[in-house]
Amino acid sequence: MKPLLYSQRDAQTHGVGWRREGANIRYYRGSSEEGQAMYCLTWTACFPHDHDTCYFAHFYPYTFSDLQRYLLVVANDPVRSQYCKLRALCSSLAGNTVYLLTITSPSRNPATTAAKKAVVLSARVHPGETNGSWVMRGFLDFILSDSPDAQLLRELFIFKVVPMLNPDGVIVGNYRCSLAGRDLNRNYRTVLKESFPCIWHTRSMIKR
């Protein structure tokens, strides 16, 4: 949980990006406001340069643009695109695309495809949990590889992957909530399609 620091000067002059930085790190329960316990994270850091612009993060960032760049490379790969199909699951409240990947080995026999069990994976329902995107990227790198284990898994299963379930929250910098200020992880039973499109369409996809 050591915070990360990004220095624009270090990035421009030395090619150094995000790095762990800080000392005297404390996370503790503070005072309560209106019956809600407030928690504090404190640390000390030494800025590397004068007249610099620095940023802090709790984990290595992974943005919506990072995801789009990654998916574009996969979609344009003549080999991986044969067993990984990319489409839009739905649009978010702000009109951002919620992507769905279907990963499986192509089959000439429809009955063989129909007999495959499905595995559903998703990440970033809580937008601040950027480590989830790095785990998802590691999984995609593996399942789309030429590893014998990955090939076997693609033969046996259909993987339905929603790599970023809450793109609005990611883009605006929320930690836990959607653009509407709601925790999507607490609304999987919702019937409000217009209010929770990402969750509603994911649940509908799973049912299908």
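Starting from 1, each residue takes its place in the sequence as its number.
- Heavy-atom neighbours of Arg189 CZ from other residues, nucleotides or ligands within 6.0 Å: at or below the threshold of 12.
- Here the straight-line distance linking atom CG of Leu93 with atom CG of Leu179 works out to 6.0 Å at 0.5 Å rounding.
- Residues Ser133 and Pro61 fail the side-chain proximity criterion, which asks for heavy atoms closer than 4.5 Å.
- For Tyr175, the ring-ring contact (aromatic ring centres under 6.0 Å, His included) criterion is met by His58, not counting sequence neighbours.
- Of all non-hydrogen atoms in Ile158 and Thr113, the two that sit nearest each other are CD1-O, 3.8 Å.
- The minimum heavy-atom distance between Pro48 and Cys54, with the atom names listed, is CD-SG, 4.3 Å.
- Residue Arg203 holds its CZ atom at 11.0 Å from CZ of Phe196, rounded to the nearest 0.5 Å.
- Between the OG1 atom of Thr97 and the CD atom of Gln68 there is a distance of 7.0 Å, given to the nearest 0.5 Å.
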Checklist entry - Could you go step by step and tell me if Leu153 and Ile143 meet the side chain to side chain contact (heavy atoms under 4.5 Å, CB included) rule? => result CA-CA 8 Å; Leu153 287 167; Ile143 201 65; 3.8 Å; yes
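- The line from NZ of Lys85 to CZ of Arg80 is 13.5 Å long, rounded to the nearest 0.5 Å.
- Remark: side-chain polar atoms of Gln151 are paired, donor with acceptor, to backbone N or O of Asp146 under 3.5 angstrom.
- Rounded to the nearest 0.5 Å, atoms CG (Leu184) and CD1 (Ile199) are 5.0 Å apart.
- Listed for the Arg9 side chain is a donor-acceptor partner under 3.5 Å among the backbone atoms of Asp50.
- Counting only heavy atoms from C-beta outward, the side chains of Lys160 and Leu121 never approach each other to under 4.5 Å.
- Using modelled atom types, no side-chain atom of Glu129 and backbone atom of Val125 make a donor-acceptor pair closer than 3.5 Å.
- Judged by distance alone, the side chain of Arg26 and the main-chain N or O of Thr42 form no donor-acceptor pair under 3.5 Å.
- Asp77 places no side-chain N or O within 3.5 Å of a backbone atom of Val73 that could act as its donor or acceptor partner.
- A donor-acceptor pair under 3.5 Å is formed between the side chain of Thr104 and the backbone N or O of Arg154.
- Proximity of Arg137 to Tyr70: side-chain heavy atoms (C-beta onward) are separated by under 4.5 Å at one or more points.
- Under the ring-ring contact (aromatic ring centres under 6.0 Å, His included) criterion, the residue pairs touching residues 113-141 are Tyr62-Trp134, Phe139-Phe159, with sequence neighbours excluded.
- Under the 4.5 Å side-chain heavy-atom criterion for ILVMFWY residues, a single connected hydrophobic cluster contains both Leu192 and Tyr188.
- In this structure, Gln12 CD and Asp52 CG are separated by 8.0 Å, a value rounded to the nearest 0.5 Å.
- A single hydrophobic cluster is seen to contain both Phe142 and Leu86, as judged by linkage of ILVMFWY side chains at heavy-atom distances under 4.5 Å, directly or through other members.
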Next on the checklist: Quick one, Tyr99 with Leu89, criterion side chain to side chain contact (heavy atoms under 4.5 Å, CB included). Give me CA distance, side-chain angles, the key distance, then yes/no.
Outcome noted: CA-CA 5 Å; Tyr99 294 100; Leu89 175 67; over 6 Å; no
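- Inspection of the Arg69 and Ser65 side chains reveals no N or O donor paired with an N or O acceptor under 3.5 Å.
- Taking Ile, Leu, Val, Met, Phe, Trp and Tyr as hydrophobic and joining them when side-chain heavy atoms fall under 4.5 Å apart, one finds Leu5 in a cluster with Ile25, Tyr27, Tyr39, Leu41, Trp43, Phe47, Phe56.
- The residues Arg176 and Asp183 are annotated as salt-bridged, a charged nitrogen and a carboxylate oxygen being separated by less than 4.0 angstrom.
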Item to check | Worked check of side chain to side chain contact (heavy atoms under 4.5 Å, CB included) between Leu165 and Arg124 | outcome: CA-CA 6 Å; Leu165 200 51; Arg124 298 299 283 281; 5.6 Å; no
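- Taking 4.5 Å as the limit, some side-chain heavy atom of Arg182 sits within range of a side-chain heavy atom of Asn187.
- Residues Ile171 and Asn96 form a side-chain contact, since some pair of their non-hydrogen atoms from C-beta on lies under 4.5 Å apart.
- Val135 is not connected to Val74 by any chain of hydrophobic side-chain contacts under 4.5 Å among Ile, Leu, Val, Met, Phe, Trp and Tyr, and they are in different clusters.
- Residues Thr102 and Cys84 form no side-chain contact, since every pair of their non-hydrogen atoms from C-beta on lies 4.5 Å or further apart.
- Counting heavy atoms from C-beta on, the side chains of Val98 and Val162 come closer than 4.5 Å.
- Listed for the Ser204 side chain is no donor-acceptor partner under 3.5 Å among the backbone atoms of His201.
- Here the closest non-hydrogen pair linking Gln82 and Pro106 is O-CG, 3.8 Å.
- Closest non-hydrogen pair, Ala75 versus Ser81, comes out as O-CB, 3.6 Å.
- Of all heavy-atom pairs spanning Cys177 and Pro127, the tightest one is O-CG, 3.6 Å.
- By the rule that hydrophobic residues join a cluster once side-chain heavy atoms approach within less than 4.5 Å of another member, Met136 and Leu144 end up as members of one cluster.
- Using a distance-only test at 3.5 Å, with no hydrogens or angles considered, a donor-acceptor pair links the side chain of Asp66 to the main chain of Thr63.
- Centroid-to-centroid, the aromatic rings of Tyr6 and Trp18 come within less than 6.0 Å.
- Across every non-hydrogen atom of Lys116 and Ser105, the tightest pair is NZ-O, 3.1 Å.
- Cluster annotation: Leu100 is connected to Ile206 through the hydrophobic network of ILVMFWY side chains, with a link wherever side-chain heavy atoms come within less than 4.5 Å.
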Item to check | CA sep, side-chain torsions, deciding dist, call: Val161, Leu140, side chain to side chain contact (heavy atoms under 4.5 Å, CB included) | outcome: CA-CA 9 Å; Val161 182; Leu140 290 174; 4.2 Å; yes
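- By the 4.5 Å heavy-atom criterion applied to side chains, Asn166 and Asp168 are counted as neighbours.
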